[in-house]
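Remarks on the structure that follows.
Both counts, for ligands and for their atoms, begin at 1 and track the order of listing.
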Amino acid sequence: MSLDRIQVLKFGSSVLPSAAHLHVAVHEIYRHLRVGKKVIAVTSAIGDTTDRLLKQARVIAKQQNEEAIAELLATGEAEAVALLKLALAKAGIAANALSAHNLGLQTDGPLLDANPVQLDLQPLLQKLQQRSVLIVPGFVGKHADDRLSLLGRGGSDLTALVIAQALKHGNPQSPTCRLLKDVAGLYEWDPAADGPPPRRFSSIGFEEATAVGGAVLQPKAVQYAQRQQLNFELGQCSSTVTTLVGQVGTELENSAPTSAPLKVALIGLGTVGHGVYSLLGKHADKFELVQVVVANPHKPRDLNPPCSILKNELDLSAQPDVIIEVAGCSAHLSETLLQALALGIPVLTADKELVANQLNALAPYLNSRTPILRCSAAVAGIVPALEGVGRIAAVDGVQQLQGVLNGTSNFILQQMADGHSFHQALQQAQELGYAESDPSADIYGWDAARKLSLLIHRAWGVQLPPERIPSQGIAALTSTEVGPNLRLVAKAYRHADGRISASVQPTELPKDHVLLQANGVGNAVLIEDSLLQSHLLLGDGAGRWPTAEAVFADLLDVWRLHAKSDFAATLPTSKPSAECLAREASA
Ligand code: HSE
């Protein structure tokens, strides 16, 4: 595993004041997965858990037993690890976790203010090999006699830096470690204090960081980084800016103005629309919902957007800054969406039928470095399939693609292999919100063919319409033909002369084939590059939250571009180029 592809992210209690804020950490982790990183997420205890536990301990005994206190407080981080794993699973991202005992961060010194001595990377790397996200508890170490120890207040910062340092050891290229806080970086003075707004350090040396960062950074962690000459970043989730701390010159930047929220028009309030609507509600600082378009505004529904914004047609005169289309069957909308794109309004869609069938007209909007048509959620749900294929195409070139791209079919096949009937399984997939509004597209292989068509376009720039991809679905299979190793496999291969062969068909896979890791609603994409190296991407391919999370990731990219250009507009000179903005938005 290439160590420089590992991103260490540390989520402090200020970022996770309660379990209701875990979605913020999920967005941030997914942001890094989308650019091809593996993530080690270090978590502090949620909110005031540590103080609450300490208080409890004092009620029991005034005289504190250090060993018991360390064990008690460690439960706060253990709880946060498990909750974050749950939140990621909800979004369809499978993560591994390590307990404080298994992490093996060896310490010495005072039990409640211990110092790191050594970290064995092997358990971490082994877990990261299996899954792209590993969650570990911050703050907690282990003395040589196996007693749990604590790294002192704010000690999760130190945990993250110790891990980053161990990774750096394996690879001289510095890995990225980002400490996520509730501030966008280090400032000249407290931004919450009265008086003129302070400037933010875009970079700062260790000494100065120790002087100004006391309230935000654990001083012991900064001293550790200084001894190790380890650079790291500090910033906010979803943000475009950070402070780089380390062997760097000190530079100050004017604080970015708070950008006005982006005005969002949401088309569709079904399974996925409901998810996107809920996420938008949690980010009112960034997004203002100005229109919700549904076929029947009067239909009773679980969600009740204000009547004033509920419409049955997209109205561009409301001047949305961005349009999210998750209606499922939006062919009739294509003209309005094309009109919006022509006006330069970004459109985000989960509709693979729309994009695959209209690729010719839409390609110009998909292709630029800052595409205004984004459709990550259209292919394989939470799996960053288009992003992965695009990245590999740009670096080494893609030779071959194989994928399990239809969650409904995969779910049905697995249910049938477990003895259920096709019809029972299909009904369940519909109830769980996996199937298309007309499930024919799932069970006849058309949905997989549409997704394959989009992957082919991203890999080779070739427009191969779905109807030209020979496709056989799972509808005709009988129970006796379905075993545990059968998958609906979509495949595409580029011949030496540039021709593309593609197909979708049920395929019996050898028992150790990596695509068998796609279970239930899981999707998998296996990319072989032109150096014949294989790259596997996994995650849930359908359902409310995985799809909504993928749509939201596109939306946050658009927001970062918007915030970045607002910031650039305040600078006296040198507006960043579009290329620079694109890089920022994807990092
Ligand atoms: N019906 C699709 C599937 C939804 O089951 O994969 C996600 O595109």
Side-chain angles (χ1 to χ4, degrees), residues 90-93 268 270-276 324-331 348-357 374-389 401-416 422-423 425-455 458 466 469 471-475 477 486-490 504-506 515 517-525 537-554:
K90 176 181 172 184
I93 300 169
T271 303
V272 180
H274 182 126
V276 173
I324 301 176
E325 186 285 303
V326 284
C329 46
S330 51
L348 319 180
T349 181
D351 190 344
K352 49 267 161 183
E353 183 179 3
L354 173 82
V355 187
N357 288 350
R374 293 167 191 255
C375 58
S376 180
V379 181
I382 197 74
V383 182
L386 286 168
E387 294 83 350
V389 167
L401 294 168
Q402 285 187 70
V404 172
L405 300 178
N406 185 264
T408 301
S409 299
N410 210 48
F411 177 83
I412 293 174
L413 288 178
Q414 190 142 34
Q415 293 286 97
M416 287 173 76
F422 175 87
H423 289 287
L426 173 58
Q427 194 184 343
Q428 210 184 337
Q430 287 177 293
E431 284 165 10
L432 289 167
Y434 300 156
E436 297 301 299
S437 42
D438 173 358
S440 318
D442 295 300
I443 61 174
Y444 293 113
W446 309 332
D447 177 78
R450 288 167 189 154
K451 292 168 178 165
L452 185 60
S453 162
L454 294 180
L455 289 175
R458 188 62 64 99
I469 299 176
S471 303
Q472 185 194 334
I474 61 161
L477 294 173
L486 190 74
R487 295 289 185 276
L488 182 66
V489 176
V504 174
Q505 60 184 22
L515 289 185
Q517 292 179 44
N519 286 311
V521 73
N523 277 195
V525 178
L537 302 169
L538 291 166
D540 283 2
R544 170 172 294 163
W545 298 110
T547 316
E549 187 66 38
V551 172
F552 212 74
D554 275 349

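- Proximity of a side-chain donor or acceptor of N410 to a complementary backbone N or O of V404 within less than 3.5 Å is not detected.
- Side chain to side chain, R487 and N519 meet the donor-acceptor criterion of an N or O pair below 3.5 Å.
- D438 and S440 are linked by a side-chain donor-acceptor pair at a separation below 3.5 angstrom, with hydrogens and angles left out of the test.
- Residue-level contacts of ligand 1 at the 4.0 Å heavy-atom threshold are K352, L405, N406, G407, T408, Y434, A435, E436, D442, D447, K451, G541, A542.
- Checked by atom type and distance alone, the side chain of D554 pairs as donor or acceptor with a backbone atom of S376 at under 3.5 Å.
- For the residue pair E436/T408, the side-chain donor-acceptor check at 3.5 Å is not satisfied.
- The one candidate from N523, V521, T547 that meets the side-chain contact (heavy atoms from CB on, under 4.5 Å) condition with D540 is V521.
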